[in-house]
Amino acid sequence: MERENKIQGNFITNIIDNDIRNNKNNGKVVTRFPPEPNGYLHIGHAKSICLNFGIALLYNGRCHLRFDDTNPEKEDQKYIDAIMTDVHWLGFDWGEHLHYTSDYFERLYSFALTLIEQGKAYVCSLSPDEIRKYRGTLTEPGIESPYRSRSIVENMDLFQRMRSGEFEEGAHVLRAKIDMASPNIALRDPTLYRIKQAHHPRTGQKWTIYPMYDFSHCLSDAIEGITHSICTLEFENNRPLYDWFLDQLPVPCHPQQIEFARLNLTYTVMSKRILLKLVSNGHVSGWDDPRMPTIAGLRRRGYTKEAIRMFCERIGVAKRDSMVEMALLEHCLRDDLNTRAPRVMAVLHPIKVIILNLPEGEVIPLQALNHPEKPEMGDRTIYFSREIYIDQEDFMENPPKKFYRLSPGREVRLRYAFIIKCESIIKDQQTGDITELHCTYDPLTQSGSGAQDRKVKATIHWLSAIHAIPADVRLYDTLFNVENPAAAIEHEPLENLINPKSLEVLTTCFVESELSQSKPGVIYQFERIGYFCLDSNDSGKLVFNRTVSLKDQWAKIQKQSM
RNA sequence: UGCGGGAUCGUAUAAUGGUAGUACAGCAGACUCUGGAUCUGCUUAUCUAGGUUCGAAUCCUAGUCCCGCAGCCA
């Protein structure tokens, strides 16, 4: 049960190390990931998933997936399905431990009965509004409900009738009898059960009362034999309540609740409320829009599970509120993709180049490496011909000092091909736009020939016009234009915060013909541009999502000179 | 002016009374048929003020600032 030392510890693994040293729980470690199925999982959940499943792996324990489905009004089977897909996709396995809080409704009900019998819970018939008023404020104690002194017999009767559906929503609730004067508001007779005439995705119409989080969560943990119940900081105030229920009731064990700081990422949001709003207001195409921080969105964008897990490892776990820079996520992505993504060439903003000294109809086959650092990934044949495309960015008519690429009279190497020289520029008579470049190639400079070691400053990507196939490319940028949109949204409408350039659609791109066979989930490096993958929305068209750009030194130089 | 937490380079995270370290970002250079990758070097931090101690990010005292809590949400 010793930790592998390759993984950096944190304050939670320190606690667990200690527990194991003291033989607490007989040295066992059982965790759980308890999502509410009311939305899609996002990168913040990934942190929790990696933490909980990671700890189980680390200590040779187990981690349960438990749907915390106690609020049927907001929950849906589609979210349950999506959550399971995402956790699996991240590479975690809950084995036979797929659970639902709703599986325990009967047992939770009888725990409630026990509490009533003990005189520690009562049916309160105050309205929601009255309950709020009786609760007091942050600085003033609450007042006891007039129903607090109902007899056990009456409470039993009323609670059973609540279950049998006799009452309207809001007519009664079951409350714990703790302390209306407690400085911790969570302890001022919290609600245990409320009446809801809603259809539950799993229990249908069977129940008309549903348990609240504070009551059901600790007991579900205890029922499952969870040893370490890891949750986020905002539940710290609720921990005394978590412990209170477990102390009152005959439960098999008493899990330890440990709180950590949730993940925040720059230029995006983790709030399910805001994410839902983005979806329902049509700011994005859905929960899996590639700009969304959802697992489904990241997957469609081309993120790999390895990159996400590496990221979750690198950000660490602590109790202080923090905001991680998006650059770290992108670094983890590039780091993973660089080692694995096959290389191909694509031209996003084509300019046509005519190779003057290569006759029409002549085609020169060339070998290109699929991965320059991994020869075992093989190579492929590409073709050089009289008409090729290069990217607009790789040509400048009046180049500044540090521009190494093609310009009039200058030479550049075509990747895996020849050195070409720009002889002249052809412009549109009317607009003055460059329509073609006329170049010559040096047949002695073929890549790999070794004979000609002529140095040129730059190598650029290109595509043979007759061999390339057209494609759309979607370039993504951050969804928001401010670092902390969740804070900004307090005093600015959502619309103003969305980055108008978060999606740029390019419809005149070309890619190597073999990409007609590509599949979503296979990420390519378009050499010198970035990582791209086929979009999973099957429109019959070739559409590539930019997963992430390559680091661009030239862009930085340009910025500095401005 | 209640209760519960938290404060370490720009960001995130280590150091459990003994050299303030690591990663990302930034800057500079080397190398390169991807201005990619890789490699090298550099800049930058213990919230404040006292105290204990040979020695304090760590312990004590007093402040300051930040976050959370008044759902029949989780």
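In what follows, every chain begins at residue 1, and chains take the letters A, B, ... in the order their sequences are listed. We use all heavy atoms of the structure for the numbers below, so side chains are in, but hydrogens, waters and symmetry mates are not.
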Practice task
Would you check, one step at a time, whether the test side-chain contact (heavy atoms from CB on, under 4.5 Å) holds for A:Arg66 with A:His217?
Solution key: CA-CA 10 Å; A:Arg66 181 172 72 235; A:His217 203 91; 3.5 Å; yes

Exercise for the section: Report which part of the nucleic acid A:Tyr416 touches: base, sugar-phosphate, or nothing (heavy-atom distance under 4.0 Å, all strands). Expected result: base

Expected rows: protein N/O vs nucleotides 39-43 of chain B N/O, under 3.5 Å:
none

Exercise for the section: Go through the N and O atoms of the side chain of A:Arg405 and the base of B:G35, and report whether any donor-acceptor pair is under 3.5 Å. Expected result: yes

Practice task
Can you figure out which of B:G35, B:A74, B:A37 approaches the side chain of A:Met212 most closely?
Solution key: B:A74

Practice task
Let me know the distance between CZ of A:Arg334 and C1' of B:A23, rounded to the nearest Å.
Solution key: 16 Å

Fill in the blank from the handout: Nucleotide by nucleotide, nucleotides 9-15 of chain B touches protein heavy atoms under 4.0 Å in the pattern (B base, S sugar-phosphate only, - none) -BSSBS-

Exercise for the section: Examine B:G36: is either OP1 or OP2 under 4.0 Å from a nitrogen or oxygen in the side chain of A:Gln553? Give yes or no. Expected result: yes

Practice task
Describe the nucleic acid contact of A:Thr70 in one word from base, sugar-phosphate, nothing, applying a heavy-atom distance below 4.0 Å.
Solution key: sugar-phosphate

Handout entry: More than 12 heavy atoms of other groups within 6.0 Å of A:Glu306 CD
Key = yes

Practice task
Looking at every strand, decide which applies to A:Gln558 at a 4.0 Å heavy-atom threshold: base, sugar-phosphate, or nothing.
Solution key: nothing

Handout entry: Under 4.0 angstrom between A:Lys551 side-chain N/O and B:A37 OP1 or OP2
Key = yes

Handout entry: Minimum-distance nucleotide (side-chain atoms of A:Arg343 versus B:U34, B:G35, B:A70)
Key = B:U34

Problem - Atom-to-atom span, CZ of A:Phe260 to P of B:G68 - whole angstrom - result: 17 Å

Handout entry: Sole residue of A:Phe532, A:Phe526, A:Phe510 in ring-ring contact (aromatic ring centres under 6.0 Å, His included) with A:Phe544
Key = A:Phe526

Exercise for the section: For this output row, return yes or no: ring centroids of A:His200 and A:Phe105 closer than 6.0 angstrom. Expected result: yes

Completion exercise
Taking B:A74, B:C69, B:G36 as options, the one with an atom nearest any side-chain atom of A:Phe235 is B:A74

Handout entry: Ring centres under 6.0 angstrom apart (A:Tyr441, A:Phe384)
Key = yes

Exercise for the section: Scan A:Arg415 against the nucleic acid and name what it touches under 4.0 Å (heavy atoms): base, sugar-phosphate only, or nothing. Expected result: base

Problem - A:Glu36, nearest nucleotide to its side chain (from B:G35, B:C73, B:A25) - result: B:C73

Fill in the blank from the handout: Classified by glycosidic angle (syn within 90° of 0, else anti), B:G71 comes out syn

Exercise for the section: State yes or no: are the ring centers of A:Tyr122 and A:Tyr147 separated by less than 6.0 Å? Expected result: no

Problem - Sugar-phosphate only, base, or nothing, as touched by A:Asn238 at under 4.0 Å among non-hydrogen atoms - result: base

Exercise for the section: Would you mind classifying the nucleic acid contact of A:Leu126 as base, sugar-phosphate or nothing, using non-hydrogen atoms under 4.0 angstrom? Expected result: base

Practice task
Considering just the side-chain nitrogens and oxygens of A:His461, establish if one lies under 4.0 Å of OP1 or OP2 belonging to B:U34.
Solution key: no

Fill in the blank from the handout: Of the candidates B:C73, B:C24, B:G2, the side chain of A:Lys74 sits closest to B:C73

Problem - Integer-rounded Å distance: B:G4 P and A:Asp179 CG - result: 14 Å

Exercise for the section: Would you mind classifying the nucleic acid contact of A:Gln525 as base, sugar-phosphate or nothing, using non-hydrogen atoms under 4.0 angstrom? Expected result: base

Practice task
May I ask you to evaluate whether A:Arg273 reaches the phosphate of B:C73, defined as a side-chain N or O under 4.0 Å from OP1 or OP2?
Solution key: no

Handout entry: Separation between CD1 of A:Ile315 and CG of A:Leu328, rounded to the nearest 0.5 Å
Key = 8.0 Å

Practice task
Examine B:G26: is either OP1 or OP2 under 4.0 Å from a nitrogen or oxygen in the side chain of A:Lys556? Give yes or no.
Solution key: yes

Fill in the blank from the handout: Taken to the nearest whole Å, CD/A:Glu234 to P/B:G68 is 10 Å

Practice task
Look at all strands and tell whether A:Tyr134 reaches a base, only sugar-phosphate, or nothing, counting heavy atoms closer than 4.0 Å.
Solution key: nothing

Problem - Distance in angstrom units between A:Tyr267 OH and B:A25 P, rounded - result: 15 Å

Problem - Neighbours of RNA chain B within residues 370-378 of chain A, by heavy-atom distance under 4.0 Å - result: A:Pro372, A:Glu373

Practice task
Side chain of A:Trp554 only, please: which of B:G4, B:U34, B:G35 is the nearest?
Solution key: B:G35

Problem - Contact list for RNA chain B against residues 184-200 of chain A - heavy-atom distance below 4.0 Å - result: A:Ile185, A:Thr191, A:Arg194, A:Lys196

Practice task
Using a heavy-atom cut-off of under 4.0 Å over every strand shown, decide if A:Ile529 touches base, sugar-phosphate, or nothing.
Solution key: nothing

Practice task
Cation-pi check, A:Arg415 to A:Trp462: give yes when NZ or CZ is under 6.0 Å from the six-membered ring centre and within 45° of the ring axis, no otherwise.
Solution key: no

Handout entry: Residue A:Pro183, side-chain atoms from C-beta onward, closest of B:C3, B:A28, B:C24
Key = B:C3

Practice task
Give each stem of RNA chain B as a range with a range, requiring at least 3 consecutive Watson-Crick or G-U wobble pairs whose two distances are under 3.5 Å.
Solution key: B:2-7 with B:64-69, B:10-13 with B:21-24, B:26-30 with B:38-42, B:47-51 with B:59-63

Exercise for the section: Please work out if A:Ile460 contacts a base, only the sugar-phosphate, or nothing of the nucleic acid, heavy-atom cut-off 4.0 Å. Expected result: nothing

Practice task
Could you note down all residue pairs passing salt bridge (Lys or Arg N to Asp or Glu O under 4.0 Å) where residues 550-562 of chain A supplies at least one of them, sequence neighbours left out?
Solution key: none

